[in-house]
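What follows is a short report on a single structure.
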Amino acid sequence: MNRSSSAPGFLRVAVFAPLRQTFHYLPCPTPWAWQPGQRVRVPFGKAQRLGIVLGLDPVPDRDPAQLKAVLEVLDPEPLLPASLHALLHFAAQYYHHPVGEIWATALPVLLRKGLMPFPPETCWGLSDAGRAQLQAGLKRAPRQQQALAFLAAQAGSTPESALPAAWGKGWKSLRDTCAAKGWICAQAPESRAPLQIPPSPFALNPDQTGAVAAIQAAQGFAPFLLDGVTGSGKTAVYLEVIAPLLAQDRQALVLVPDISLTPQLLQRFAARFGASQVAALHSGLTDIQRLAIWSRARRGELAVIIGTRSALFTPLARPGILIIDEEHDSSLKQQDGFRYSARDLAIVRARLENVPVVLGSATPSLESLHNARQGRFRHLILPRRAGNASLPQVGLIDLRRQALQGGLSQTLIKALRETLARGEQALLFINRRGYAPAILCHECGWVANCRRCSAPMTLHQGVRRLRCHHCGADHAIPAQCGNPLCGSPQLIPLGQGTEQVESVLRALPDLEVPIQRIDRDAVRRKGELEAALEEIQQGAPRILVGTQMLAKGHHFPQVTLVGIINADQGLFSADFRGQERLLAQVLQVAGRAGRAERPGQVLIQTHHPDHPLMQALRALDYGAHAEVLLTERELTGLPPFSALALLHAEAQQPPQTLEFLHDAARCLHHPELRAQGPLPAPMERRAGHYRAQLWLHAPRRETLAQALGPWLQAIEKLPSARRVRWTLDVDPVELL
DNA sequence: AGCACGCCGACT
DNA sequence: GTCGGCGTGCTC
């Protein structure tokens, strides 16, 4: 049907630009059956941009004579299924972010930038003969050798449009030669045959079996909170829930917070379902590889897709289930640009796809616990560790009036020695990298602060530098106090970081085991973390000193002692989520202890052993303290008992942010919305910019989402808005 | 976000 | 007399 000649309407396009509006274009020059979800190249101001056709409107919002025409249509069909159109539409409304940018972030980079025509196009892969030939080597034909090696490295089907760049001139004849010899084959976009999955090789315990049965019984959309202590075997539950779906040719999408734990998870899925059925979208992939996985998922050729936050937008031909592992983790919330929560959007997507969604965690977010209590989520509990592993013993070390050695108490050092003497491994957790979080003048108390941030600089002893962890500033260590009236040369480190703990341990007599530091400084390059983890798996006695990095999801069977060096940070945090975060973090680290046969021990150093949170940690009781925190939130009217959004502003001068936020507060007229502030941001100055924010409270998330729209329109017109950089964060998790 | 236009200071 | 500062406005 030639729809352009009969002028059925005007194309509504979401241009890839940070603008909260759509634009109309004439549907020339191609006669086309226009469908929402196709990419188009359009004239935009002086330049050209890509955008997405959102729909066809009979009447444009301005004089049709002023409209420009679409320059090019890039795709023969919509890129995403209708469910994802609806999801992105919802996200635009809920987060009040420009639709064009939302689409841009949802698409693989190569499609976002228009560097790749959209599949279905021919994809090439190695045949068995090609693999054999590559093994044997092609000494007389180096180009063919290189060509085969490239496809092998791409692992999977490589779109033909990637070949010119990879193979260079004459790629066509190279392709035809290799194809003629049967070394490479064009992979037909066919659906895979339903898989026959062997029964589970591991016996599940009754808790796990119950959880699997509950999830499998779900018909269509059903949200579950899988609340299982560390080591309770949540992954095994995921595997068994997915297995029968694959036999029905359906697909599973698994989101994890951090790339560092994808390899381990990928291995387990690949071992269960076959490597060719499972793909992980991790940071080590090239853009071409990502696009290949995306296309294969879209065509239904992959059974399981594992990925981080952005993988939520992977199209699935036949979705069967969505799984969000470590659902409490804040990295599921994007912290810049389009600030979405992959966990919250996953629930929306599951509803749109009409499939079950499982949120798994040992330390569920208060939001999810609340949803479970309200009956919105089905609460599945795994209270015991799987296999023979038992939960670790937890002890609190009262630091008050104790002599400390670089932050370590004698009790902890003694336990460390005993652990190593038994031939076991120990893990010390301290969530600060560097040697010390500040340096201080011993004479007058002056602290070396960052010039551009309201924060002290961190001492890095190894490289002998002072660094700001907020803006990246890097200076030599001053020789003397910066106070002009003092100038004393006596500058002393204040507090502890991983580097200091490492050096204190090295200085201990008769402690002849390797000490391995794991933080962003120690394992800077790609693969270094994996290499370190590999070595740890070997099992020889050693001490691991590390930050967050060490805590997430890793399995260290030989670690029997976990020491938390300073649990008090966050106890009296200004952030209302401080306690929830501290509780989750310490319990996640504690969960690394004794995951195999040998029992584990956790020692927590604190100056506040009587604090209820410390008592909860000692009892390893997340649930009870989470209830306490929930009650507090209810009394204070904070999320999840209300909805929160944050208007954040940054400018060169403090008055500019305040003027803007005051103006913004004045524009607010909604009866159910309450503005609080302007308040200085937790870090008042960062990278030379002054920062302040306005908090917006509403009784319900729906009210908030709905009221924010007109308010933002008013804000965008404010003259003061132009003098600041402002962002809106709906459901903020980090308060910036 | 880009990219124009536009009106005021220190320079060849 | 111009080069260029960034305030203001627009992008179908």
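Residue numbers start from 1 in every chain, and the chains themselves are labelled A, B, ... in the order their sequence lines are given, proteins ahead of strands.
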Along DNA chain B, first and last positions that approach a heavy atom of chain A under 4.0 Å
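Both ends considered, the range comes out as dA1(B) to dG2(B).
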Please work out which of the three classes, parallel, tilted or perpendicular, describes the rings of F338(A) and H97(A), given edges at 30° and 60°.
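If you compare the ring of H97(A) with that of F338(A), the planes turn out parallel.
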Rounded to whole angstroms, how far apart are NZ on K46(A) and P on dC12(C)?
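Rounded to whole Å, this separation is 11 Å.
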Name the pairs: protein N/O against N/O of nucleotides 6-11 of chain C, kept only if under 3.5 Å.
residue : atom : partner : partner atom : Å
dT8(C)  : OP2  : R723(A) : NH1          : 3.4
dG9(C)  : OP2  : R722(A) : NH2          : 2.9
dT11(C) : O3'  : G45(A)  : N            : 2.9

Could you pull out all residues at least two apart from [X] that satisfy salt bridge (Lys or Arg N to Asp or Glu O under 4.0 Å)?
| X | result |
| --- | --- |
| D61(A) | none |
| R691(A) | E650(A) |
| R725(A) | none |

Could you check whether D731(A) pairs with R343(A) (Lys NZ or Arg NE/NH1/NH2 to Asp/Glu carboxylate O, under 4.0 Å)?
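R343(A) and D731(A): not salt-bridged.
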Please output the side-chain donor-acceptor pairs of residues 675-688 of chain A that fall under 3.5 Å, not counting sequence neighbours, one pair per line with the distance.
residue : atom : partner : partner atom : Å
Q676(A) : OE1  : H697(A) : NE2          : 2.7
R685(A) : NH2  : R451(A) : O            : 2.0

Any side-chain to backbone donor/acceptor pair from D729(A) onto L646(A)? Under 3.5 Å, distance only.
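A pair under 3.5 Å: no.
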Hey, does the side chain of E659(A) reach the backbone of S720(A) with a donor-acceptor pair shorter than 3.5 angstrom?
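Checking the backbone N and O of S720(A) against the side chain of E659(A), no donor-acceptor pair under 3.5 Å is found.
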